[in-house]
Amino acid sequence: MKNFAVSVIPEGDEGNVPVALAGQVMVDVQRILGDIGEYLVAKELRIQKSLHPDLLTRFVLFLNETGGISLGSSTIAPQTEGYGNIVDDAVTLMEETLDALGSGIGGYWMEDHFNDPIYRNQIIYDIVALYRHLNAYNGYSLLYGADGSKKLGTVNVEKLEAFIKNKGFTANGATLGIISISQSKSRHDSVSLICGDDKTKLYFADKASETATKAYAGQPVIIGGKMSFSKDGNLLEIRDAGGVTPVSSIKFRRMISGDGDVTLKSPVVATISYDNGIWSLKNEDLGISVSKETWDEAVQSFHDYFIFLWIQYADPEAEISEEETEVRNYLLSLVA
């Protein structure tokens with residue numbers, strides 16, 4: 001587990017810190033870590049809308065016996081320990097983000113490090129709130145880091161707020177969904193992407209891109225462009241849409257469930273199908289097959305199934321049947 005310390009200290013000779021300030025700072029740091037952790041999990045799983053709460057409990061901070069902040073374990077099941085720790089990754093990214101924004105840098109650093117604008121905005125809001133709460137009390141500083149020696153610098157609030165206003169709800173990228181074609185009132189085809197509950201209007205870069213996309217009506221695809229979101233996180237439209245690619249499988253290099261996470265050297269491949277509103281993900285080598293009404297439910301169930309198999313069979317010392325040994329050997333080959 002990565003060491004990380006947070007404390008509020010007086011800048012002068014006065015040795016006491018107001019409880020209200022210390023408590024608020026702890027809440028602020030918890031929000032930052034929680035939102036960064038959620039961003040990393042959603043990114044790994046290609047989540048479109050929502051994560052199961054069990055995936056986020058590992059990012060909870062605790063007070064230790066001396067009153068300091070400590071991290072809980074990122075893994076409940078000991079069988080996954082040593083194969084990955086997404087909490088460490090979240091703490092590292094939190095420290096880098098505090099370093100960057102505390103140096104007065106603007107939103108473009110955030111754009112380079114957080115490709116989802118909704119999470120990016122929320123993390124900016126979190127750090128601005130922390131900075132404002134510190135400034136509400138004169139003469140106190142925030143120390144953080146592996147040894148608790150880094151001091152949070154000056155956060156350029158105006159620059160960050162201007163960034164969110166100008167670019168906060170857009171991002172260049174790609175997303176997964178189902179192509180839908182309907183006829184508009186003008187009797188022209190209207191092409192949309194169904195992403196969870198969102199029906200996203202597509203505005204194509206050129207006619208060739210539109211024609212290519214229409215060929216995949218009703219099928220899962222990945223399509224790129226300039227994505228615009230609402231403040232609630234709904235994907236409203238994709239402009240300059242193009243580069244449509246049909247999706248029949250997807251690779252995961254990190255498997256995550258509420259019990260732990262396993263980083264793989266060789267990816268797990270899940271075949272994807274979509275039929276009558278049902279998403280299905282399968283891996284024949286492991287006997288995994290899940291079907292759900294939404295992509296988010298299906299992909300999280302796939303990861304849950306993998307971690308379940310890992311907990312049951314990956315321990316080299318456990319006595320299992322010959323058939324189960326084949327599953328174990330395949331699992332261990334993924335991390336060898």
One pair to check against side-chain contact (heavy atoms from CB on, under 4.5 Å): I272 and W295. What are the steps and the verdict? CA-CA 10 Å; I272 298 173; W295 165 261; 3.9 Å; yes
Let me see the working for R254 and D261 under salt bridge (Lys or Arg N to Asp or Glu O under 4.0 Å), right down to the final yes or no. CA-CA 7 Å; R254 184 177 224 155; D261 56 279; 3.5 Å; yes
Apply side-chain contact (heavy atoms from CB on, under 4.5 Å) to residues M110 and I124 and explain how you reach the verdict. CA-CA 8 Å; M110 293 292 293; I124 290 174; 3.8 Å; yes
Please lay out, stage by stage, how E210 and K214 fare under the test side-chain contact (heavy atoms from CB on, under 4.5 Å). CA-CA 6 Å; E210 181 177 3; K214 287 181 178 180; 3.5 Å; yes
Stepwise, does the side-chain contact (heavy atoms from CB on, under 4.5 Å) test hold for L309 with I288? CA-CA 9 Å; L309 292 175; I288 299 176; 3.8 Å; yes
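Aromatic ring orientation, F163 versus Y108: perpendicular (interplanar angle above 60°, classes split at 30° and 60°). Ring geometry for Y140 against Y137 counts as perpendicular: the plane angle is over 60°, on a 0 to 90° scale with 30° as the lower cut. Relative ring orientation between W310 and Y83 is described as perpendicular, the plane-to-plane angle rising above 60° on a 0-90° scale split at 30° and 60°.
Summarising the local packing, NZ of K49 is surrounded by more than 12 heavy atoms from other residues, nucleotides or ligands at distances under 6.0 Å. The number of heavy-atom neighbours closer than 6.0 Å to CD of E96, taken from other residues, nucleotides and ligands shown, is above 12. Residue K199 places its NZ atom among 12 or fewer non-hydrogen atoms of other residues, nucleotides or ligands, all under 6.0 Å distant. In R328, the CZ atom is crowded: over 12 heavy atoms of neighbouring residues, nucleotides or ligands sit closer than 6.0 Å.
Two residues are said to be in side-chain contact when any heavy atoms from C-beta on lie closer than 4.5 Å; K43 and F114 fail this criterion. Contact annotation: the side chain of V191 approaches that of F204 to within less than 4.5 Å [non-hydrogen atoms, C-beta and beyond]. The closest side-chain heavy-atom distance from V25 to L130 is below 4.5 Å. Between L193 and D198, every side-chain heavy-atom pair lies at or beyond the 4.5 Å cut-off. Side-chain contact between Y125 and I164 is present, with at least one heavy-atom pair separated by less than 4.5 Å. Looking only at side-chain heavy atoms (C-beta outward), E326 and N329 stay at 4.5 Å or farther from each other. Looking at D126 and Q122, their side chains come closer than 4.5 Å, going by heavy atoms from C-beta outward. Inter-residue side-chain proximity for L55 and I256 is flagged as met; some heavy-atom pair is nearer than 4.5 Å.
Listed by chain and number, the residues in a side chain to side chain contact (heavy atoms under 4.5 Å, CB included) with S280 are S273, I278, S291 (sequence neighbours excluded). E38 pairs by the side chain to side chain donor-acceptor pair (under 3.5 Å) definition with Y119, not counting sequence neighbours.
Going from atom CG of L56 over to atom CG of L51 covers 5.5 Å, rounded to the nearest 0.5 Å. Considering CZ of F4 and CD of E95, their distance stands at 5.5 Å, rounded to 0.5 Å. Atoms CZ and CD1, on R120 and I36 in that order, are 14.0 Å from each other to the nearest 0.5 Å. A distance of 11.0 Å separates CZ in F252 from CG in L264, rounded to the nearest 0.5 Å. Note that CE of M227 and CG of D240 are 12.5 Å apart. Values are rounded to the nearest 0.5 Å. In this structure, OG in S230 is found 5.0 Å from CG in L236, a value given to the nearest 0.5 Å.
A cation-pi arrangement is present between R239 and Y203 under the rule of less than 6.0 angstrom and at most 45 degrees off the ring axis.
A salt bridge links K150 and D99; the closest N-O separation between the charged side-chain nitrogens and carboxylate oxygens is under 4.0 Å.
In this structure, D232 contributes its side chain and N234 its backbone to no donor-acceptor pair below 3.5 Å. Remark: the backbone N or O of S289 is not paired with any side-chain donor or acceptor of E284 at under 3.5 angstrom.
Nearest heavy atoms, S257 versus I307: OG-CG2, 3.2 Å. Of all non-hydrogen atoms in K159 and G106, the two that sit nearest each other are CD-CA, 3.3 Å. Considering every non-hydrogen atom in both G107 and L160, the closest pair reads N-CD2, 3.7 Å. Scanning both residues, R58 and I86, for their nearest heavy atoms gives CD-CG2, 3.7 Å. Of all the heavy atoms in L45 and V299, the pair that sits closest is O-CG2, 3.5 Å. Closest approach of T200 and L235 over heavy atoms only: OG1-O, 2.9 Å.
At a threshold of 4.5 Å between side-chain heavy atoms, the hydrophobic network of Ile, Leu, Val, Met, Phe, Trp and Tyr places V269 and I222 in two separate groups. Residues V60 and V27 do not share a hydrophobic cluster, defined by chaining ILVMFWY side chains whose heavy atoms lie under 4.5 Å apart. Cluster annotation: I311 and Y313 are assigned to the same hydrophobic cluster (Ile/Leu/Val/Met/Phe/Trp/Tyr, side-chain heavy-atom contacts under 4.5 Å, transitive). Transitive grouping of hydrophobic side chains (ILVMFWY, heavy atoms separated by less than 4.5 Å) brings V128 and V8 into a common cluster. Residues I320 and V327 fall within the same hydrophobic cluster, defined by Ile, Leu, Val, Met, Phe, Trp and Tyr side chains chained together at heavy-atom separations under 4.5 Å.
Side-chain N/O atoms of T294 and D296 include no donor and acceptor closer than 3.5 Å. Between the side chains of D89 and T92, no donor N or O sits under 3.5 Å from an acceptor N or O. Side chains of D304 and Q300: a donor-acceptor N/O pair is absent below 3.5 angstrom, by distance only. A donor and an acceptor atom, one from each side chain of N115 and Y39, are located under 3.5 Å apart.
Of the residues D35, V29, I123, I127, the one that meets the side chain to side chain contact (heavy atoms under 4.5 Å, CB included) test with M94 is V29.
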